[in-house]
Amino acid sequence: MMIENTAHYDITSDLGAAEYAKLVPDGGHTVKMKDGKEYTVALFHQLRCLEILRNAYVDGAGVTPLTEHCMNYLRQSILCLADTRLESVRAAGGEHIVDFSADYTCRDWTAVYEAAETLQNPEDAGEEATDGHD
């Protein structure tokens with residue numbers, strides 16, 4: 001995958017708001033396992049927090065307990081995953097704009113969405129709805 005600036009996910013447009021909202025599956029960021037317990041999927045929790053921060057920024061809502069939670073959660077998630085890849089810098093001074101010309105190997109997030117949709121409606125999936133550890 002190439003990381004690049006995009007016309008999508010504009011922070012202030014209605015289209016951008018809709019694109020951020022669609023980052024989380026229609027059923028929300030939680031899944032229900034066969035044992036009946038409900039969990040949040042970290043990927044979707046992180047994306048939901050990104051949307052919450054975007055909305056607070058656009059609406060001028062300022063700091064709330066929810067935005068504080070999201071900032072701390074995203075900070076801790078980034079530190080936990082600790083991506084140590086070296087990124088080429090375009091400029092020696094100023095804002096140090098990063099050059100994203102290298103390929104990045106990413107996890108297949110489409111598989112996470114597919115599994116979440118199955119686990120959000122386990123009765124529709126029959127016996128196939130598992131936690132992946134059976």
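Along the sequence shown, the residues carry numbers beginning at 1.
- Separating the CG atom in Leu47 from the SG atom in Cys49 is a distance of 9.5 Å, to the nearest 0.5 Å.
- Classified by interplanar angle (parallel below 30°, tilted 30° to 60°, perpendicular above 60°), the ring pair His45/His29 is parallel.
- Looking at Tyr9 and Leu23, their side chains come closer than 4.5 Å, going by heavy atoms from C-beta outward.
- Between the CD atom of Gln46 and the OG1 atom of Thr40 there is a distance of 9.0 Å, given to the nearest 0.5 Å.
- Using a 4.5 Å heavy-atom cutoff, the side chains of Thr118 and Glu114 are not in contact.
- Atoms CH2 and CG, on Trp109 and Leu43 in that order, are 9.5 Å from each other to the nearest 0.5 Å.
- Judged purely by atom type and a 3.5 angstrom limit, Gln120 uses its side chain to pair as donor or acceptor with the backbone of Thr30.
- Counting non-hydrogen atoms of neighbouring residues, nucleotides and ligands closer than 6.0 angstrom, the OH atom of Tyr39 exceeds 12 such neighbours.
- The structure places CG of Asp10 at 8.5 Å from CD of Glu19, a figure rounded to the nearest 0.5 Å.
- With Tyr20 contributing its side chain and Ile52 its backbone, the two residues share no donor-acceptor pair below 3.5 Å.
- Salt-bridge check for Glu51 with Arg48: passed, with a basic side-chain N closer than 4.0 Å to an acidic carboxylate O.
- Panel note: side chain Asp59, backbone Ala61; no donor-acceptor pair is recorded below 3.5 Å.
- In the hydrophobic cluster analysis, where Ile, Leu, Val, Met, Phe, Trp and Tyr join through side-chain heavy atoms closer than 4.5 angstrom, Leu74 is grouped apart from Val112.
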